[in-house]
Amino acid sequence: SSSTSIVFCWRFSSNVTNMAHKRIYDGPILEELDAGNSHICGLVSRTKRLECWHWKEFNSTSNSLITSSVAVAENFVCGLLKSGKIQCLGSFANVIDHVPAGIFTVVAAGFRHACAISLTGTLECWGGMAGVKPSGQFKSLALAENRSCALRRPNGTVACWGENNFDLPIYLQQTSFISLEAKGNIFCGVATSNYSLFCWGNDEI
């Protein structure tokens, strides 16, 4: 509604025949919401307070200064401070203890690594990233377990990198995309030309 947000989560059975749902939040409007494999975090709009659910070991409210670009992974959450600097919280030291210095516009989280885009569009990645990050200028990111993809600036084509020389399928290499998302090791993007959905990363797709 105009004054509150309500968040429900559904848990699927192994054969996807039953769906149990539960309300996890009912309060002031959430400005952002992101989920990792197990955890969910969001920013309360008015206060910029970081709230996390399904994460008993993690107290996000005591030391979070994150105001935008919430990115949730398995054991950490990252985001941007008001200044454009990055803060990461959680228990995965490879990411938490190696946050790059600088001013950034976007942060994304994979399973064991994180990447960010600087003001000039260059990529910074840290943690347990697989593969060699591409050069160039980028505008958005989608990170998976051991793979990463990014949208190039200004044409919206995609660069991918990761474990076992992971790359974007040849038939999509000249396609321009509006947005990208990743979960597990699957990537999906919305094409600029006709809003078609393309997915890659799994031979069965």
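Bear in mind that the values here come from a model prediction, so they are computed numbers and not experimental data.
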> With sequence neighbours excluded, what pairs up with Asn194 under the side-chain hydrogen bond (donor to acceptor under 3.5 Å, both in side chains) test?
Replying inline: Ser196

>> For Lys85, is the NZ atom crowded, meaning more than 12 foreign heavy atoms sit under 6.0 Å from it?
In response: no

>> Test: disulfide bond (SG atoms under 2.5 Å apart). Region: residues 90-120. Which pairs qualify, not counting sequence neighbours?
In response: Cys115-Cys125

> Do Val106 and Val72 share a hydrophobic cluster, counting only Ile, Leu, Val, Met, Phe, Trp and Tyr and linking them when any side-chain heavy atoms are less than 4.5 Å apart?
Replying inline: no

>> Check this for me: does any side-chain nitrogen of one of Glu31 and Arg46 sit under 4.0 Å from a carboxylate oxygen of the other?
In response: no

> What is the minimum heavy-atom distance between Ile86 and Pro100, and which atoms define it?
Replying inline: CD1-CG, 4.3 Å

>> Taking the ring of Trp161 and the ring of Phe187, is the distance between their centroids below 6.0 Å?
In response: no

> Within the distance-only criterion (no hydrogens, no angle test), does the side chain of Lys133 pair as donor or acceptor with the backbone N or O of Leu123 below 3.5 angstrom?
Replying inline: yes

> Short question: side chain of Arg147, backbone of Asn185 - any donor-acceptor pair under 3.5 Å?
Replying inline: yes

>> Determine whether Ile29 and Val44 satisfy the following criterion, side chain to side chain contact (heavy atoms under 4.5 Å, CB included), listing intermediate values before the conclusion.
In response: CA-CA 6 Å; Ile29 289 176; Val44 179; over 6 Å; no

Check residues 148-156 and write down every donor-acceptor pair under 3.5 Å in which the side-chain atom is one partner and the other belongs to a residue at least two apart or another chain.
residue	atom	partner	partner atom	Å
Ser148	OG	His113	NE2	2.8
Arg152	NH1	Thr157	OG1	3.2
Arg152	NH1	Val158	O	3.2
Asn155	OD1	Thr157	N	3.1
Asn155	OD1	Thr157	OG1	2.9

>> Cys41 and side chain to side chain contact (heavy atoms under 4.5 Å, CB included): which single residue from Ile66, Asp34, Leu50 fits?
In response: Leu50

> Can you tell me how far the SG atom of Cys160 sits from the CG atom of Leu180, to the nearest 0.5 Å?
Replying inline: 7.5 Å

> Between Phe177 and Trp200, what is the shortest heavy-atom contact and its length?
Replying inline: CZ-CZ3, 4.1 Å

> How long is the span from the CG atom in Leu65 to the NZ atom in Lys82, to the nearest 0.5 Å?
Replying inline: 12.0 Å

> For atom CG of Asn165, is the number of surrounding heavy atoms from other residues, nucleotides or ligands below 6.0 Å larger than 12?
Replying inline: no

>> Within this structure, what is the OG-CD1 distance for the pair Ser140 and Ile117, rounded to the nearest 0.5 Å?
In response: 6.0 Å

> If you take all heavy atoms of Ala35 and Ile40, which pair is closest and at what distance?
Replying inline: CB-CG1, 4.1 Å

>> Once rounded to the nearest 0.5 Å, what's the spacing between atom CD of Glu32 and atom OG1 of Thr67?
In response: 8.5 Å

>> Any non-hydrogen side-chain atom of Lys183 less than 4.5 Å from a side-chain atom of Asn37?
In response: yes

> Which pair of non-hydrogen atoms, one from Cys88 and one from Val99, has the smallest distance, and what is that distance?
Replying inline: SG-CG2, 3.8 Å

> Any chain of hydrophobic side-chain contacts (each under 4.5 Å) joining Phe104 to Ile96?
Replying inline: yes

> Of Val77, Leu30, Val107, Leu33, which meets side chain to side chain contact (heavy atoms under 4.5 Å, CB included) against Val70?
Replying inline: Val77

> More than 12 heavy atoms of other residues, nucleotides or ligands under 6.0 Å from CD of Glu181: is that the case?
Replying inline: no

> Taking all atoms of both residues into account, what is the closest heavy-atom pair of Cys9 and Ile24, and its distance?
Replying inline: SG-CD1, 3.6 Å

> Just wondering, are more than 12 heavy atoms of other shown residues or ligands nearer than 6.0 Å to CD1 in Ile170?
Replying inline: no

> Any chain of hydrophobic side-chain contacts (each under 4.5 Å) joining Trp10 to Ile6?
Replying inline: yes

>> How long is the straight-line distance from NE2 of His54 back to NZ of Lys22, given to the nearest 0.5 Å?
In response: 6.0 Å

>> Could you report the tightest heavy-atom contact between Gly201 and Ile186, atom names first, then the distance?
In response: C-CD1, 4.0 Å

> Should Leu197 and Cys188 be marked as a side chain to side chain contact (heavy atoms under 4.5 Å, CB included) after you check the CA-CA gap, both sets of side-chain angles, and the distance that decides it?
Replying inline: CA-CA 7 Å; Leu197 181 68; Cys188 291; 3.9 Å; yes

>> What's the separation between atom CG in Asn94 and atom CZ in Arg112, rounded to the nearest 0.5 Å?
In response: 10.5 Å

> So Trp55 and His39, would you call those rings parallel, tilted or perpendicular, with 30° and 60° as cut-offs?
Replying inline: parallel

> Around Tyr195, counting heavy atoms of other residues, nucleotides and ligands shown, do more than 12 lie under 6.0 Å from its OH?
Replying inline: no

>> Using a 3.5 Å distance criterion without hydrogens, assess whether the side chain of Tyr25 forms a donor-acceptor pair with backbone atoms of Pro28.
In response: yes

> Got a donor-acceptor contact below 3.5 angstrom from the Gln87 side chain to the Leu80 backbone?
Replying inline: no

>> With a 4.5 Å cut-off on side-chain heavy-atom distances among I, L, V, M, F, W and Y, is there a chain of contacts connecting Leu168 to Phe166?
In response: yes

> Can you tell me if Thr4 uses its side chain to pair, donor with acceptor, with the backbone of Gly27 under 3.5 Å?
Replying inline: no

